[in-house]
Amino acid sequence: DTGVSQDPRHKITKRGQNVTFRCDPISEHNRLYWYRQTLGQGPEFLTYFQNEAQLEKSRLLSDRFSAERPKGSFSTLEIQRTEQGDSAMYLCASSLAVGLYNEQFFGPGTRLTVL
Amino acid sequence: AQTVTQSQPEMSVQEAETVTLSCTYDTSESDYYLFWYKQPPSRQMILVIRQEAYKQQNATENRFSVNFQKAAKSFSLKISDSQLGDAAMYFCAYAGGSNYKLTFGKGTLLTVNP
């Protein structure tokens, strides 16, 4: 296993279109996180899953955003009716929750550009 | 809400020299974790070093060490013997006692000059 992977790496779309991103975590990692990173900022937490259950969503995750993790494996993040403000890098991370500490391993990200 | 502040948008260091990156945070929790992440240009973020708040001893990983001042809520990263490969954006991050979501600072862009 080579780490967290994300697909696509880059996505250019027109305003109003729907987009879907995929994240494949490190196998056997039971936690999966989504973050958004805009230019000049640090990543901001969006949501996270423990196995297939979505346990928390940030208020940044508007109704146009939905995330799933069927069967507790890969995850998808969908943005409906994209807006220019959605342009950002979307990062996925995974971890194995053991005891009190779990290091998050990040994927390379999907860079979204909304025209 | 927890906040993380990195007051140095950019720093530069000569190769083989030492540089310190600053980070302060605000929290009301007593149990938490602090991290420094490195994000090289167009590459994925990797963990450099972590510190558990309940540990008084400062963490060290090879050339990387931290100065953790819990009362002052300060968490600086020292890079010794800087190498060209250390050039990257460095993010300070916080995670609460349940240790799931990370709260990041805005980052410090480190340039290493040959």
Side-chain angles (χ1 to χ4, degrees), chain A residues 2-7 9-10 23-26 29-51 53-61 67 69 88-111, chain B residues 1-10 21-26 29-55 59 61 75 77 88-110:
Chain A
T2 56
V4 179
S5 60
Q6 294 186 244
D7 183 71
R9 296 291 304 277
H10 303 273
C23 171
D24 286 272
I26 295 172
H29 276 191
N30 55 355
R31 285 188 176 174
L32 187 146
Y33 312 79
W34 285 99
Y35 294 86
R36 182 173 68 186
Q37 185 177 19
T38 54
L39 200 61
Q41 303 292 321
E44 295 173 292
F45 171 80
L46 292 178
T47 187
Y48 95 102
F49 294 82
Q50 173 122 353
N51 300 313
Q54 188 174 18
L55 297 187
E56 183 172 340
K57 295 192 294 184
S58 163
R59 65 180 187 278
L60 295 175
L61 216 64
R69 192 183 183 200
M89 176 76 84
Y90 290 83
L91 298 171
C92 176
S94 71
S95 70
L96 179 63
V98 177
L100 294 177
Y101 173 73
N102 58 114
E103 178 181 345
Q104 294 185 29
F105 294 84
F106 283 81
T110 294
R111 182 169 295 283
Chain B
Q2 292 77 27
T3 58
V4 176
T5 302
Q6 294 180 249
S7 59
Q8 306 155 317
E10 298 183 23
L21 308 183
S22 301
C23 173
T24 58
Y25 61 95
D26 189 27
E29 296 179 300
S30 58
D31 182 24
Y32 53 88
Y33 301 80
L34 296 165
F35 308 86
W36 279 98
Y37 279 88
K38 172 184 178 182
Q39 189 176 42
S42 301
R43 297 185 63 183
Q44 59 207 77
M45 197 169 312
I46 58 173
L47 179 65
V48 174
I49 196 166
R50 77 172 193 270
Q51 175 79 44
E52 291 86 345
Y54 63 85
K55 290 187 178 179
E61 290 287 344
F75 182 62
L77 174 70
M89 183 72 84
Y90 285 81
F91 292 99
C92 179
Y94 168 102
S98 57
N99 194 25
Y100 53 102
K101 61 182 178 182
L102 293 166
T103 299
F104 287 87
K106 290 187 176 182
T108 296
L109 181 62
L110 178 66

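The model shown is predicted, which means the values in this text are computed figures rather than measured ones. To find a chain, count down the sequence lines: A is the first, B the second, and so on, and within it residues start at 1.
Proximity to chain B (any heavy atom under 4.5 Å) is shown, for A:Q6, by neither the backbone nor the side chain. With a 4.5 Å cut-off on non-hydrogen atoms, A:L55 does not touch chain B at all. Proximity to chain A is absent for every atom of B:Q6, based on heavy atoms less than 4.5 angstrom apart. Neither the backbone nor the side chain of A:E44 comes within contact range of chain B; no heavy atom of the residue lies under 4.5 Å from a heavy atom of that chain.
In terms of non-hydrogen atom pairs under 4.5 Å with chain A, the most contact-rich of B:E52, B:Q44, B:R43 is B:Q44. Annotation: maximal heavy-atom pairing with chain B below 4.5 Å, among A:G107, A:S95, A:G42, A:A97, occurs at A:G42.
Residues A:P43 and B:F91 meet the side-chain proximity criterion, which asks for heavy atoms closer than 4.5 Å.
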- Dump the intermediate steps for side chain to side chain contact (heavy atoms under 4.5 Å, CB included) on B:Y37 and A:Q104, then the final yes or no. CA-CA 10 Å; B:Y37 279 88; A:Q104 294 185 29; 4.0 Å; yes
- Report the C-alpha separation of B:M45 and A:Y35 in whole Å, then their side-chain angles, then the decisive distance to 0.1 Å, and conclude whether the side chain to side chain contact (heavy atoms under 4.5 Å, CB included) test is met. CA-CA 12 Å; B:M45 197 169 312; A:Y35 294 86; over 6 Å; no
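Of all heavy-atom pairs between A:F45 and B:K101, the closest is CD1-CB, 3.3 Å.
Using cut-offs of 30° and 60° for the angle between ring planes, the B:Y100 and A:Y48 rings count as parallel.
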